[in-house]
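Reviewing the structure listed below.
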Amino acid sequence: MVPTSKESFCSLQKAERVMEELKGREWEGAAEWKISEKDLAAALGRTCLQRNKPALATRHFKKAITAVIAAGGEMAPELIGLYQEIAHSEQVNNNHKKSIGYLLLAHCIALGVHTKFSAEAASTALLLGQAYAAMEEQEHAETAEMYFNESLGAYKAALGSDHPQTINALEEFSKWLVRVGKREQAYDLLQESFMSQTDLCSDFSEKAAERFYIMGGICLAEKKVKEGYQWLSKCAEIQVAVYGPRHRRSRETQKLLKLLETTDPATFQQSHNELLLIASEHSGE
């Protein structure tokens with residue numbers, strides 16, 4: 001029987017109390033003790049996030065970070081993940097600036113311990129791009145784009161163009177570009193991803209379907225109905241193979257295609273908003 005988040009939280013709290021009672025004994029300063037304290041505090045933080053208690057989660061993550069720094073210093077590799085987790089808890093609590101501050105620390109360590117073109121640096125750069133994008137103010141747009149570009153370049157260098165993490169970074173970047181009105185740049189980025197891939201099977205996957213859908217949506221936004229229909233048809237073909245014809249995503253794409261088929265070019269302007277609404281709801285998932 002799998003324990004509930006409440007049961008897990010209570011068990012972790014009991015373990016934390018036992019650990020507090022053991023403090024002060026002769027093995028307190030041992031690295032093993034500090035790592036155990038880190039693991040427990042981090043687990044409590046994750047459980048608090050699951051229970052929608054971000055403020056409490058942040059407190060536990062801070063304890064885990066303190067334990068790791070005491071055992072391994074301020075550039076300990078383990079801090080990368082912990083800073084990412086505490087950044088997430090701050091983001092959930094709407095403390096966006098604090099979240100970015102922790103992500104910057106994680107990125108600094110990733111660059112110092114690894115390299116600029118490593119998967120670790122790519123991951124922290126992507127999170128920074130998303131964090132700055134969430135700020136929405138125009139002044140942060142340039143910084144968001146810088147980190148999205150940095151992440152995509154690092155993923156390509158470290159893992160290759162076809163790797164799922166690289167494709168995910170590309171999708172996140174392209175969706176943001178669409179949101180800020182840079183549709184042509186997003187389209188070129190997505191199209192380039194298909195031209196540069198080395199694994200032909202990658203062209204028939206869930207990720208490929210998502211990219212085809214975004215490209216179709218961009219064409220509709222630009223009122224290029226024929227081209228949009230072609231990309232969405234490719235998307236629908238893959239979705240039926242991957243999900244099955246009755247899956248919600250497959251049915252929604254088919255609905256959009258039928259709407260395009262029955263739309264009179266002379267009255268396209270009237271149907272334009274409806275088409276974009278369906279496309280944006282799907283791509284925003």
- Derivation of the salt bridge (charged side-chain N to carboxylate O under 4.0 Å, His left out) call for E210 and K175: CA-CA 11 Å; E210 183 68 17; K175 287 177 182 178; 3.4 Å; yes

- Task: Would you check if T253 and Y213 make a side-chain contact, meaning some heavy-atom pair closer than 4.5 Å?
- Result: yes

- For S99, check side-chain hydrogen bond (donor to acceptor under 3.5 Å, both in side chains) against everything at least two apart and list the hits. Q91

- Query: Would a 4.5 Å heavy-atom cut-off, applied to side chains only, mark H60 and C48 as touching?
  - Reply: yes

- Message: Would you say that Y102 contacts E90 through its side chain, given a criterion of any heavy-atom pair below 4.5 Å between the two side chains?
- Response: yes

- Message: Show, in sequence, the C-alpha distance, side-chain angles and deciding distance for S205 and V242, and conclude whether the side chain to side chain contact (heavy atoms under 4.5 Å, CB included) test is met.
- Response: CA-CA 7 Å; S205 64; V242 174; 6.0 Å; no

- Item | All pairs passing ring pair (Phe, Tyr, Trp, His ring centres under 6.0 Å) where residues 241-260 contributes a residue, at least two apart | Y243-H247

- Item | Separation of F117 CZ from K156 NZ (nearest 0.5 Å) | 12.0 Å

- Query: Who pairs with F61 by ring pair (Phe, Tyr, Trp, His ring centres under 6.0 Å), at least two apart in sequence or on another chain?
  - Reply: none

- To the nearest 0.5 Å, atom CG of L105 lies from atom CD of Q84 at 11.5 Å

- Item | Contacts of type side-chain hydrogen bond (donor to acceptor under 3.5 Å, both in side chains), residue T166, not counting sequence neighbours | none

- Is K63 salt-bridged to E37, going by a charged N under 4.0 Å from an acidic O? no

- Message: A quick test of your reading: do over 12 heavy atoms of other residues, nucleotides or ligands sit less than 6.0 Å from CD of Q138?
- Response: no

- Note on the structure: Contacts of E261 meeting side-chain contact (heavy atoms from CB on, under 4.5 Å) (sequence neighbours excluded), chain-then-number -> Y229, K258

- Query: Hey, is the main chain of V178 close enough, under 3.5 Å, to the side chain of R183 for a donor-acceptor pair?
  - Reply: no

- Message: I'd like to know whether N93 forms a side chain to side chain contact (heavy atoms under 4.5 Å, CB included) with T58, so could you lay out the CA-CA distance, the side-chain angles of the two residues, the decisive distance to 0.1 Å, and finally the verdict.
- Response: CA-CA 9 Å; N93 213 26; T58 298; 5.8 Å; no

- Message: Is there a side-chain contact between L152 and L189 in this structure, where contact means two heavy atoms from C-beta onward sitting under 4.5 Å apart?
- Response: yes

- Query: Applying side-chain hydrogen bond (donor to acceptor under 3.5 Å, both in side chains), which residue pairs with at least one partner in residues 109-129 are found, sequence neighbours left out?
  - Reply: H107-T124

- Task: State which residues pass side-chain hydrogen bond (donor to acceptor under 3.5 Å, both in side chains) with S174; sequence neighbours excluded, sorted by chain then number.
- Result: none

- Message: How long is the straight-line distance from CD of E78 back to CD1 of I109, given to the nearest 0.5 Å?
- Response: 11.0 Å

- Query: Would you say K97 and M135 make side-chain contact, with heavy atoms under 4.5 Å?
  - Reply: yes

- Message: One pair to check against side chain to side chain contact (heavy atoms under 4.5 Å, CB included): L170 and E192. What are the steps and the verdict?
- Response: CA-CA 10 Å; L170 184 144; E192 182 189 344; over 6 Å; no

- Q191, CD: over 12 other non-hydrogen atoms inside 6.0 angstrom: yes

- Item | For E171, salt bridge (charged side-chain N to carboxylate O under 4.0 Å, His left out) partners two or more places apart | K207

- Smallest separation among heavy atoms of Y155 and A119, with atom names: CE2-O, 4.1 Å

- Message: With heavy-atom distances below 4.5 Å as the criterion, would you say the side chains of E85 and H88 are in contact?
- Response: no

- Measuring from I86:CD1 to L79:CG, what's the distance to the nearest 0.5 Å? 11.0 Å

- Using the test side-chain hydrogen bond (donor to acceptor under 3.5 Å, both in side chains), find all partners of E227 that sit at least two apart in sequence or belong to another chain. Y187

- Task: Any chance you could measure D188, atom CG, to L177, atom CG, to the nearest 0.5 Å?
- Result: 10.0 Å

- Task: Decide if the gap between the ring center of W176 and the ring center of F148 is smaller than 6.0 angstrom.
- Result: yes

- Show your reasoning for whether side chain to side chain contact (heavy atoms under 4.5 Å, CB included) applies to L259 and K255. CA-CA 6 Å; L259 188 58; K255 176 184 176 182; 5.8 Å; no

- Query: Is there a side-chain contact between L232 and L220 (heavy atoms, below 4.5 Å)?
  - Reply: yes

- Under the side-chain contact (heavy atoms from CB on, under 4.5 Å) test, which residues partner T143, sequence neighbours left out? Y132, M146, Y147

- Message: So, using side-chain contact (heavy atoms from CB on, under 4.5 Å) as the criterion, who are the partners of A241 when residues are at least two apart?
- Response: F204

- Message: Taking salt bridge (charged side-chain N to carboxylate O under 4.0 Å, His left out) as the definition, give me every residue that meets it alongside E145, ordered by chain and number, with sequence neighbours left out.
- Response: K182

- Query: Distance from E172 atom CD to L127 atom CG, nearest 0.5 Å?
  - Reply: 10.0 Å

